[in-house]
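Notes follow once the structure below has been shown.
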Amino acid sequence: MTENNERNLDFIREIIKNDLESGKHKTTVTRFPPEPNGFLHIGHAKAICLNYGISKENEGARFHLRFDDTNPEKEEVKYIEAIKKDLEWLGVDWGENLFYASDYFDKLYEYAIILIKDGKAYVDELNAEEIREYRGTLTKPGKNSPYRDRNIEENLELFEKMRSGEVEEGKMVLRAKIDMASPNINMRDPVIYRIKNIHHPRTGDKWCIYPMYDYTHCISDALENITHSLCTLEFEDHRPLYDWFLDQLPVPSHPRQIEFARLNLNYTVMSKRHLLKLVEENHVDGWDDPRMPTISGLRRRGYTSASIWEFLSQIGLAKVVSTVDIGLLEYFIRQELNKTSDRVLVVLDPLKVVITNYPDDKEDEFELPNNPEDENAGTRKVKFTKELYIERGDFMEDPPKKFFRLFPGKEVRLKSAYLVRCNDVIKDDNGNITEIHCTYDPDSKGGSAPDGRKVKGTLHWVSAKYGKKIEVRMFDRLFNVENPGKETGDYIDDLNRDSKKVLKNSIAEPGILEAEKGKRFQFFRHGYFFSDPIDSTEGSPVFNQIVSLKDTWEKVKKK
RNA sequence: UGGGGUGUGGCCAAGUUGGUAAGGCACAGGACUUUGACUCCUGCAUGCGCUGGUUCGAGUCCAGUCGCCCCAGCCA
């Protein structure tokens, strides 16, 4: 399925192939550089899959994990731990190659001194607002700061004062001296160091000046001898700056930055800022809410890392801003779970059925295959009794055309048990159906009639006597629209308020109570479910719906 | 009105020196079916944003034109 043959390399792997063939590089060194200010989402996984994937494809290649921790104001240790956990779950092994941008603070500082000495950086005393004014606009060139032409000695002195804590926050910054008239705003003397009197999780109080992204990132890449620095499209404009710094400094290498389009999925949001808000305002139950597109959310939902990996390798890689249909992700998890998960009979919304001609004290025991797709999955025994439950939605008193489930006078098959025919509908005073009376065909044991008559509908069922109540959480898309916020202006307004439904009266085969945490099942005719690793307790699992089965009837009904 | 990108079917996405539009998902038929699932067949761009041009021949080259995305943090 995954054939990255010669001809179908994406444009980045094409570049790499050429670099290897030309001898520019002997192997590859790629990296994933998250900022620890939030949880990883599936968009990050695309970058991980790319960078880590490349390292697995080339002999002698390395993959680095580098936390981009240059802004202690936003970054927290808890995010570092969460990110590592997510990466491990995804199967990423960075070995010894764990780095932090803060590892390079000393080196970065030395390089800044070099820039100053070379007359390529200066200490600016303009305040933030003035800097913005002097920067100009997209169409108007900026103008030079009055502090731009200080002499080197003075710059050195002032920078030292910034470093030593003698300067108040916001009073001074170090800027690169490039070109205030550049059509590329990033080149208009970008700030490279700012003062922040904040404790850093890793360097403590050693520094009160912290380097900016543009300055830090390229140098960090260079120090690690990264060969191909892969990032998203919005950094395209930053590439000239990336190259500028590396051209000025005596760095050990000059990586090539290549940009690709980030992953967008419909019916969800994919920015850390947006996801953070969902968490903080309690629109979801946390970063790992099963409805979240975060790695931890997908994991909690029951997705496998293999299915995510498969999805990412199939969507391709390009520079066009695109939005992938979330249905494709669902396709891959169904594909995997169809082959690997045990089937189990679970009635989500129970409706009682009484088999009137079945003796009160009679019981049958049927042996069902756990997984018809896998011969090695074994079988299990399921008990059949006079009173059963079927799915409320599998019965209709007045059915539409082509409804081949149960209705008065209709015969259906109870999966692997008997053929039954509906004779009576019992209702309460309000007209609600409370139970169904059926008769069974004693000769149809196992589910097929000796006379060979064809019965189209097959329903799942659970014995009322032996079935056990379980909690099941059903999930729908988090948003009502494909592109949240596009029309309404605020994505919060597009939240699907019914995206989570907790079913507490579902009835399951008793065997499922022994399901260990984190096990995936196919609830027969429903979909795939995951025993929640956190909320499940011994003997009483709680299930999260991973994804439903494809439902053609649902589509037919709508017509 | 500045700069940087990008436009191939509903959604992704191949298309290497111009030679006559891969593949996946979705969708529509059909077969099979004790999951209306799975699986298996079949169909699905006379056209590659648009207009011209070069050429025997253009998604691929040239010119022009339109649309969309990103950039004015002491965020990354």
Side-chain angles (χ1 to χ4, degrees), chain A residues 1 3 6-10 14 33-35 37 68 70-71 73-75 124 126-128 131-133 135-142 169-175 182-188 190-196 210 212-214 216-217 231-240 259 261 266 272-273 314-332 334-335 338-339 343 345 368 372-373 402-405 412-417 419 446-448 455-460 482 522-527 548-557:
Chain A
M1 224 171 159
E3 55 359 90
E6 296 281 320
R7 294 203 48 153
N8 271 358
L9 294 180
D10 58 64
E14 192 67 45
E35 182 190 13
N37 67 342
D68 218 331
T70 59
N71 186 358
E73 213 165 314
K74 294 184 175 175
E75 296 148 6
D124 197 357
L126 254 27
N127 63 37
I131 285 182
R132 193 182 336 118
E133 284 164 10
R135 186 158 34 225
T137 69
L138 296 177
T139 50
K140 266 184 296 185
E169 247 181 72
K171 292 292 182 191
M172 290 182 191
V173 291
L174 184 70
R175 291 232 251 169
S182 172
N184 181 345
I185 290 187
N186 296 117
M187 301 299 273
R188 317 237 262 231
V191 171
I192 60 184
Y193 265 99
R194 77 291 213 189
I195 299 168
K196 277 182 191 290
Y210 292 97
M212 299 286 288
Y213 165 83
D214 284 307
T216 309
H217 200 82
C231 61
T232 45
L233 253 29
E234 68 270 26
F235 292 103
E236 219 152 11
D237 290 346
H238 295 240
R239 194 184 339 125
E259 310 83 14
N266 57 12
K272 280 197 260 187
R273 206 184 92 245
Q314 292 301 310
I315 55 174
L317 190 71
K319 295 189 70 163
V320 201
V321 176
S322 58
T323 302
V324 176
D325 190 338
I326 196 155
L328 188 60
L329 213 209
E330 297 174 340
Y331 168 80
F332 286 110
R334 281 192 191 107
Q335 195 78 5
N338 175 51
K339 296 195 191 82
R343 273 61 171 168
L345 301 181
L368 276 64
E373 305 279 330
K402 287 191 181 172
F403 184 81
F404 45 82
R405 272 109 102 145
V412 297
R413 171 170 33 246
L414 294 179
K415 169 69 181 170
S416 297
L419 298 178
S448 49
V455 173
K456 178 90 169 154
T458 299
L459 309 186
H460 58 283
E482 285 204 33
Q522 183 196 99
F523 287 4
F524 203 74
R525 298 209 306 133
H526 278 301
S548 70
L549 248 29
K550 215 172 132 184
D551 191 350
T552 308
W553 172 239
E554 197 59 36
K555 262 183 296 195
V556 173
K557 260 198 313 192

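Chain identifiers are assigned alphabetically (A, B, ...) following the order of the sequence lines, protein sequences preceding nucleic acid strands; residue numbering begins at 1 within each chain.
In this structure, Thr458(A) reaches the sugar-phosphate backbone alone: every heavy-atom distance under 4.0 Å involves primed, P, OP1 or OP2 atoms, never a base. Using a 4.0 Å heavy-atom cutoff across all strands shown, Glu169(A) reaches no nucleic acid atom at all. Across all strands, Thr137(A) comes closer than 4.0 Å to base atoms (heavy-atom distances). Contacts of Val324(A) with the nucleic acid, taken as non-hydrogen atoms under 4.0 Å apart, involve only primed sugar atoms and P, OP1 or OP2. Using a 4.0 Å heavy-atom distance criterion, Thr323(A) is classed as a sugar-phosphate-only contact. If you check every strand for non-hydrogen atoms under 4.0 Å, Arg413(A) touches a base. Lys402(A) comes within 4.0 angstrom of a nucleotide base, judged by non-hydrogen atoms across all strands. Contact annotation for Lys415(A): base contact, defined as any heavy-atom pair under 4.0 Å involving a base atom. Among the atoms of the strands shown, only primed sugar atoms or phosphate atoms (P, OP1, OP2) are found under 4.0 Å from some heavy atom of Ala318(A). If you check every strand for non-hydrogen atoms under 4.0 Å, Leu414(A) touches nothing. Using a 4.0 Å heavy-atom criterion, one finds that Lys196(A) contacts the sugar-phosphate atoms exclusively. Among the protein residues, Ser182(A) comes within range of no part of the nucleic acid, since none of its heavy atoms lies under 4.0 Å from any strand.
For U1(B), the base has no donor-acceptor partner in the side chain of Lys140(A) [N/O atoms by modelled type, under 3.5 angstrom]. In this model, no side-chain donor or acceptor of Glu373(A) finds a partner on the base of U39(B) within 3.5 Å. For Arg239(A) and G4(B), a side-chain-to-base donor-acceptor distance below 3.5 Å is absent, hydrogens and geometry of angles not being considered.
Of the side-chain N and O atoms in Gln335(A), none sit less than 4.0 angstrom from OP1 or OP2 of C25(B). For A37(B), neither phosphate oxygen OP1 nor OP2 lies less than 4.0 angstrom from any side-chain nitrogen or oxygen of Arg343(A). In this structure, Thr552(A) reaches the A37(B) phosphate: one of its side-chain N or O atoms is under 4.0 Å from OP1 or OP2. Between C27(B) and Lys555(A), a contact under 4.0 Å exists linking OP1 or OP2 to a side-chain N or O. Between Arg135(A) and C71(B) there is no side-chain polar atom (N or O) within less than 4.0 angstrom of OP1 or OP2. Side-chain nitrogen and oxygen atoms of Tyr331(A) include at least one within less than 4.0 Å of the OP1 or OP2 phosphate oxygen of C25(B). Residue Arg525(A) has no polar side-chain atom (N or O) positioned under 4.0 Å from OP1 or OP2 of U33(B).
Once the 5.5 Å centre distance and the 30° plane angle are applied, the aromatic ring of Trp553(A) is found stacked with the base of G36(B).
Stem regions annotated for RNA chain B: B:2-7 with B:66-71, B:10-12 with B:23-25, B:27-31 with B:39-43, B:49-53 with B:61-65, counting only runs of 3 or more consecutive pairs of Watson-Crick or G-U type with both contacts under 3.5 Å.
Side-chain atoms of Ser322(A) lie closest to A13(B) of the nucleotides A76(B), A13(B), G24(B). With G36(B), G73(B), C11(B) as the candidates, the nucleotide lying closest to the side chain of Phe403(A) is G36(B). Checking C12(B), G5(B), G73(B) against every side-chain atom of Glu236(A), the shortest atom distance belongs to G5(B). Side-chain proximity of Val173(A) to A72(B), C74(B), G3(B): nearest is C74(B). The His238(A) side chain lies nearest to A76(B) when the options are A26(B), G3(B), A76(B). Among A13(B), U39(B), A76(B), the nucleotide with an atom closest to any side-chain atom of Met212(A) is A76(B). For Pro372(A), the side-chain atoms get nearest to U35(B) when compared with the rest of C25(B), C74(B), U35(B). For Lys319(A), the side-chain atoms get nearest to U6(B) when compared with the rest of U6(B), C38(B), A76(B). Distance from the side chain of Val320(A) is smallest for G7(B) among the nucleotides G7(B), U35(B), A26(B). The side chain of Glu75(A) lies closest to A76(B) when the candidates are A76(B), C12(B), G5(B).
Around atom NZ of Lys196(A), more than 12 heavy atoms belonging to other residues, nucleotides or ligands sit under 6.0 Å away.
The nearest pair of heavy atoms linking Lys74(A) to Asn37(A) is O-CB, 3.6 Å. Contact record, Leu345(A) with Leu368(A): CD1-CD2, 4.0 Å, taken as the closest heavy-atom pair.
Comparing G49(B) with C12(B), their P atoms are spaced 15 Å from each other, to the whole Å. Across C41(B) and A45(B), the matching C1' atoms stand 22 Å from one another, rounded to whole Å. Using atom P as the reference point in both G5(B) and C74(B), the two lie 24 Å apart (nearest Å). Across the P atoms, U20(B) and G57(B) are found 15 Å apart, a figure rounded to whole Å. Remark: the separation of the C1' atoms in A28(B) and U17(B) is 40 Å, to the nearest Å. If you take atom P in U60(B) and the same atom in G52(B), they sit 14 Å apart, rounded to whole Å. Comparing the P positions of U1(B) and C68(B) gives a spacing of 12 Å, expressed to the nearest Å. Distance noted for atom P between A21(B) and G59(B): 9 Å (whole Å).
A13(B) atom P lies 8 Å from atom CD1 of Ile315(A), rounded to whole Å. For the pair Lys339(A) NZ and U35(B) P, the interatomic distance rounds to 18 Å; values are reported in whole Å. Straight-line distance from the CD atom of Glu35(A) to the P atom of G73(B): 17 Å, rounded to whole Å. A straight line from CG of Leu328(A) to C1' of G10(B) spans 14 Å, rounded to a whole angstrom. The distance from atom CG of Leu9(A) to atom C1' of A22(B) is 15 Å, rounded to the nearest whole Å. Between the C1' atom of G3(B) and the CZ atom of Arg188(A) lies a distance of 9 Å, rounded to the nearest Å. When rounded to the nearest whole Å, the span between CZ of Phe404(A) and C1' of U33(B) equals 11 Å. Between the NE2 atom of His460(A) and the C1' atom of U35(B) there is a distance of 10 Å, rounded to whole Å.
In terms of position along RNA chain B, the nucleotide closest to Gly316(A) lies nearer the 5' end than the nucleotide closest to the other residue of the pair Gly316(A) and Asn127(A). Nucleotides of RNA chain B nearest to Leu126(A) and Arg405(A) differ in position, and the one nearer the 5' end is that of Arg405(A).
Syn is the conformation of G73(B), whose glycosidic angle sits no further than 90° from 0.
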Run the numbers on Glu75(A) and Asp68(A) for side-chain contact (heavy atoms from CB on, under 4.5 Å), then give the verdict. CA-CA 9 Å; Glu75(A) 296 148 6; Asp68(A) 218 331; 5.9 Å; no
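Under the 4.0 Å criterion applied to side-chain N and carboxylate O atoms, Glu236(A) and Lys319(A) are assigned as salt-bridge partners.
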Table of protein N/O atoms under 3.5 Å from nucleotides 65-70 of chain B N/O atoms:
none

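Side-chain atoms of His526(A) and His460(A) include a donor-acceptor pair closer than 3.5 Å.
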